[in-house]
Amino acid sequence: MNFNTESPATREELLQCLRRHQSADFRLAAGGTDLLIELKKSGPEDLTLINLGRLEDEEFTGITIHPAEIRIGALVTAARIHKDPYIHEHFPVLHQAARSLASAQIREVATIGGNVCQASPSGDLSCALAALNATCEIIDMDGKIRHETLSGFFRGPGKTSLLKSEVLKGISIPVNQDETLMSGFIKIGKRLAMECSIVSIGYHFQMNATGTVIQAGIAIGAVAPTVVFCTRAAAFVTGKKVNDLTEEEQLQVAGLIRQAASPIDDLRASAWYRSEVLFNSARSIFEKA
Amino acid sequence: MRLRIIWLIQSFKTALIMDKKLKLIGKSTPKLDGSERVSGRAVYGHDIELPNMLHGMILRSRYPSARIKSIDCSEALELDGVECIITANDVDVNRISYKRDHPVLKGETVNCQRDELAAVAATSRETARKALRLIKVDYEVMEGIFDPFEALKEDARQINLYGKGAESFGNKNIAESFTYSHGNLEEQKKNSRVIVSRRYRLPRVTHCCLATSNITADYSVLDGRLTLYASTQVPFLYQRDMAHALKMDPSRIRIIQPTIGGGFGSKLDMYPFEPICALLSMKTGKPVQLLYDREEEFIASPTRQTMVIDLTTGADAEGKFTFREVRIIMDNGAYTSWGATTPFVMMQTYSSLYQVPACHFRADAIYTNNPFAGSFRGYGNPQATFSVERNIDLMAEELGIGKDEIRLINANYPGEITGQGLHFKTCGAKPALMKVLETSDYERKNREKQNGRYRRGVGLASMLHVGGGAKIYRSDGCGTRLKLDHYGYLTIVTGSSEIGQGSETVLAMIASEELGIPLQQIRVINTDTDIKPWDVGVHASRTSFVAGNSLLGAIRLLKDKLNLKAARLMECETGDFLYEAGSIRADQKEIKIDKVVREMHFGSPNELCVAEYFYEPPSSFQDKQYMGDVSGNYAFASQVAEVEVDTYTGKVKVLNVYVSQDVGRVLNPVGLQGQIEGGLAIGIGYALTEEMIYEKGVLQNPSFHEYKLLTPVDMPDIHFYPIETLDEAGPYGSKGAGEAPLIPSAAAIANAVSDALGVEFQSLPLTPENVLRAWSEKRQHEPANSRKV
């Protein structure tokens with residue numbers, strides 16, 4: 001493994017750095033928890049690592065709360081998301097996903113931007129963010145900003161819409177319209193820590209005073225080439241009292257969630273298992289405790 | 001006859017020791033090397049740096065089965081910083097391994113993914129790695145044989161060209177074979193009310209030592225001596241094996257063991273990378289270090305035997321066991337390691353775990369193009385115990401008697417001489433069973449069944465293992481040298497090795513107990529074959545037993561000298577004085593121990609305060625039929641596992657494990673607790689998640705990411721109850737305890753999952769997917785209206 005590193009300290013230095021390396025081989029590195037393993041395997045020669053770890057720019061490194069949205073900078077770590085009281089209270093799905101990610105050591109360095117840009121179908125933060133209808137904020141080397149929904153951003157396993165001239169700046173999540181919530185993250189793996197999801201489900205339902213769902217988000221991970229937002233299942237739940245679904249309705253929504261998946265056999269599990277567990281876990285969301 | 005008398009005298013002496021009130025033995029004592037290890041001061045093999053040291057790296061085969069047409073190193077040799085490259089053509093060595101069927105470097109054929117084709121020594125690891133990429137190998141790829149049953153077929157090709165299977169065992173691909181029997185099988189079959197036959201399949205798992213394989217070789221061209229910093233657990237056998245491989249005089253080879261970051265049996269054999277590193281040093285005249293990275297560790301370090309066990313067992317109408325008939329096919333992999341001899345231990349379980357009137361056992365190790373399996377803590381016993389304990393549950397179900405009851409009525413007992421000739425002079429089998437049944441509330445939990453998503457179950461299993469060494473080499477003994485200096489500090493030079501099991505601490509505790517010297521004034525020297533006396537090595541849970549007895553023998557001799565001198569100085573009759581708080585006491589008189597030594601050194605007649613002793617256990621070699629009392633004593637244990645199975649995901653959560661183990665006597669409670677918990681971590685991983693996944697001989701999951709070693713948060717609550725049977729053969733009555741904790745775990749957990757779901761399991765691991773699949777199949781066969789979920 002041989003590479004040069006550049007560590008821009010300001011946004012302008014970062015954009016300059018991007019412009020300078022357009023014709024060369026480079027990678028952006030934040031926590032590096034996935035990237036270093038990848039580089040160790042591929043053993044690259046003459047690669048430049050643009051290290052974002054030294055960047056001092058609040059828009060990349062901070063969490064800010066605005067009237068309509070909460071903005072999480074791309075360099076915010078999983079540990080910080082896990083510990084953030086606003087996220088804990090308003091977006092339990094994201095809080096839980098951050099807590100279930102890898103190990104305490106990795107959570108201290110792994111970033112939300114890294115998790116999203118890796119575009120792993122089993123990315124835990126990505127799955128939770130998709131359930132929250134999050135939007136990516138992308139800056140290009142000339143400083144131009146564009147926004148894209150998370151579902152649009154993911155293009156395949158390891159593939160995003162990000163161009164070589166662009167970098168992910170942050171993620172925005174719309175604030176809750178109502179604060180009666182049913183929100184959580186289910187992660188299925190073989191062990192309780194240091195685990196990569198075999199199946200994951202993020203769900204976030206906002207309800208009005210009568211318990212009727214006014215806004216629903218359901219996303220699934222590790223069961224398709226990308227994290228998938230379950231549009232039909234979310235629509236099915238919207239307008240219903242989610243705590244009072246009949247058993248038939250529960251099975252129906254679990255079925256819709258299963259239909260959104262296209263799992264494969266791999267080392268971790270078979271397609272059969274993923275499909276079964278996805279259905280069972282989906283159902284468990286609506287079952288009375 | 002003479003041996004017998006000596007043994008009686010020894011027993012008498014140990015009996016005396018047992019009567020004494022103990023001050024330190026039995027009290028929790030932190031490991032002496034603990035602070036060094038956790039603070040990073042301990043020097044592991046990876047920390048060694050010698051002047052002008054080169055870095056070695058190995059080129060392994062791209063294919064698990066191929067003929068080598070040519071190896072071209074010319075381009076690699078031109079790389080700046082490459083000092084030496086060796087292939088099979090460049091070295092004059094003997095084949096290694098216990099069957100001598102393993103070429104150090106492969107020149108004709110490669111037989112598994114691990115096979116070593118060439119090795120580089122370079123000025124940096126980076127350069128060595130680059131050089132490996134420049135070596136060109138021309139292969140003629142062959143179709144590999146990865147299933148031992150395929151390898152046994154008449155038309156299968158001979159996998160290991162040096163195997164002696166055709167002459168010795170009637171099939172070219174049989175590497176090793178064991179047959180054992182006692183009792184009248186046919187008659188016992190007639191006596192049986194129930195006969196259960198099952199086929200069990202056990203997975204391939206690996207040790208996952210935190211420190212990866214490592215060696216630093218330092219050959220001196222001046223005197224032709226070779227110093228190896230090697231993390232072996234059997235330094236003297238290793239020295240002999242290395243000398244054989246390199247065609248050297250063994251005494252010119254010095255083995256120094258750096259701090260060892262985990263052994264668990266993996267370091268019982270010498271592997272090709274070790275003589276390879278020595279050869280690189282001999283060729284370059286410089287020290288060479290060879291370290292595995294984690295991926296290489298998964299690919300190229302040993303594994304537990306994967307095997308297929310066909311077991312038939314019977315019991316009569318009262319539930320008394322009648323017979324066991326077992327046929328085992330082990331996947332030996334491409335070469336034969338000590339691991340092929342695991343049937344030696346397995347047959348003890350089949351013949352003697354519970355009372356067994358008749359037993360027939362045959363196990364064959366079959367060559368395949370898979371990586372070779374080595375030895376691993378438990379040494380075949382987890383596999384054997386899994387099959388025996390599953391069958392017992394099935395027989396109890398068929399007979400309609402309790403799974404606890406059937407085990408109690410068949411339990412081993414004190415004084416029993418088993419069909420194989422194992423003599424259980426003390427036996428905590430039944431007390432251990434009763435203890436776990438009582439503390440786990442087994443009877444109630446076994447009765448209660450749930451219907452919802454989460455279902456609980458309890459499972460019971462026991463085990464038998466050697467507790468006083470195992471006579472498999474000409475000597476199962478251990479030597480000790482003691483030096484007490486004139487400041488009252490004691491140096492223990494022991495033949496035994498510390499691989500993390502805590503034996504150093506136990507030895508220092510014994511010396512402190514006997515000589516009244518504080519622990520802080522005791523040093524244990526145990527890492528250098530030039531200094532330490534013979535010991536066969538760390539295996540068979542033997543170290544505290546043999547090294548402890550050896551130390552006690554040396555202490556007796558040392559005390560004889562001290563008593564004589566002390567009596568003269570205190571002007572009293574010599575006798576069995578009291579050694580306490582750095583002093584020797586007799587009635588009203590007292591003298592500091594360091595003063596006694598000073599008088600020995602500097603007074604007339606000048607003499608040293610040293611002693612040495614060699615202890616050989618009272619065990620005997622088994623005969624050709626494997627009959628005989630192979631160990632100084634035997635360890636027994638039972639475990640109850642309580643699990644909760646999520647029927648939505650198939651995930652098994654182990655809630656509690658109740659462990660009761662006959663350890664003879666507890667020497668160091670905190671050390672023993674560590675062995676129990678560490679053993680269970682391996683046992684639970686074996687039961688639930690660990691598995692090396694191969695596709696046509698190529699490992700698919702060579703990382704901790706995909707090889708699912710459990711983490712601390714996956715561990716259940718562990719409830720441990722030692723049973724003290726005070727066996728006279730062991731130091732203070734103790735027995736070996738290191739391997740036992742993991743041996744019955746997988747069996748107990750599988751029995752618990754079966755209990756929870758009413759589903760039978762015949763293979764491991766019980767991954768969520770395997771459990772959910774079994775559960776789904778069961779539900780498909782149930783009438784729809786009886787479904788509760």
Side-chain angles (χ1 to χ4, degrees), chain A residues 1-3 33-34 36-38 40-45 99-100 102-106 120 122 186-201 247 250-251 254 258 263 265-289, chain B residues 124-127 129-130 132-133 293-296 452-454 646-654 681 684-685 687-695 698-716 765-777 779 789:
Chain A
M1 178 163 59
N2 237 335
F3 51 76
T33 55
D34 271 341
L36 285 181
I37 293 168
E38 186 194 316
K40 218 169 162 182
K41 269 198 191 133
S42 59
E45 307 272 340
R99 187 180 58 196
S100 71
S103 67
Q105 296 94 325
I106 288 174
S120 162
S122 59
I186 298 174
K187 174 169 179 164
I188 309 296
K190 290 180 184 169
R191 56 186 173 195
L192 294 174
M194 297 293 290
E195 188 57 312
C196 182
S197 295
I198 291 173
V199 168
S200 60
I201 309 181
E247 194 180 338
Q250 289 175 12
L251 296 178
R258 168 144 67 181
D265 291 334
D266 69 9
L267 214 54
R268 284 172 210 147
S270 68
W272 172 84
Y273 179 74
R274 289 192 157 98
S275 180
E276 286 292 300
V277 167
L278 179 63
F279 181 82
N280 290 342
S281 304
R283 206 175 125 188
S284 74
I285 299 170
F286 306 99
E287 284 175 344
K288 305 265 173 341
Chain B
S124 74
R125 278 173 68 78
E126 265 314 303
T127 307
R129 191 175 285 118
K130 268 188 198 153
L132 290 188
R133 289 199 210 112
D293 64 18
R294 184 55 64 182
E295 186 175 345
E296 193 172 21
R453 170 179 175 179
Y454 297 98
D646 181 349
T647 59
Y648 278 19
T649 63
K651 196 160 162 46
V652 175
K653 187 176 179 188
V654 182
I684 297 170
L688 297 183
T689 55
E690 291 185 46
E691 184 176 21
M692 303 177 89
I693 302 167
Y694 285 90
E695 210 165 280
V698 177
L699 183 62
Q700 304 297 304
N701 55 339
S703 72
F704 282 132
H705 192 52
E706 296 295 357
Y707 181 89
K708 303 294 181 182
L709 197 68
L710 292 175
T711 71
V713 290
D714 296 293
M715 285 296 280
L766 304 177
T767 59
E769 174 154 1
N770 291 341
V771 172
L772 192 70
R773 203 176 279 281
W775 175 242
S776 302
E777 280 164 16
R779 292 186 67 218
V789 182

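Below, chain A is the first sequence line, B the second, and so on; all start at residue 1. Since this is a predicted model, take the numbers as computed values, not measurements.
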With a 4.5 angstrom heavy-atom cut-off, is it the side chain or the backbone of [X] that approaches chain A, or both, or neither?
X: B/S703; value: neither
X: B/L688; value: neither
X: B/K651; value: side chain

Of the non-hydrogen atoms in [X] and [Y], which two are nearest, and what is the gap between them?
X: B/Y707; Y: A/R191; answer: O-NH1, 3.7 Å
X: B/R133; Y: A/E45; answer: NH1-OE2, 4.1 Å
X: B/P768; Y: A/G189; answer: CG-O, 4.2 Å

Decide side-chain contact (heavy atoms from CB on, under 4.5 Å) for A/R268 and B/H705; before the verdict, give the C-alpha distance in whole Å, the side-chain angles of both, and the deciding distance to 0.1 Å. CA-CA 10 Å; A/R268 284 172 210 147; B/H705 192 52; 3.7 Å; yes

Between [atom1] of [X] and [atom2] of [Y], what distance do you get to the nearest 0.5 Å?
X: A/M194; Y: B/T711; atom1: CE; atom2: OG1; result: 8.5 Å
X: A/K187; Y: B/T649; atom1: NZ; atom2: OG1; result: 14.5 Å
X: B/E769; Y: A/E276; atom1: CD; atom2: CD; result: 10.0 Å
X: A/D266; Y: B/E706; atom1: CG; atom2: CD; result: 7.5 Å
X: B/L772; Y: A/S270; atom1: CG; atom2: OG; result: 9.0 Å
X: B/R453; Y: A/R283; atom1: CZ; atom2: CZ; result: 9.0 Å

Bottom line for A/L192: the part with an atom under 4.5 Å from chain B's heavy atoms is both

Any idea which of B/L709, B/D646, B/N701 has the most non-hydrogen atom pairs under 4.5 angstrom with chain A?
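Highest number of pairs under 4.5 Å: B/L709.
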
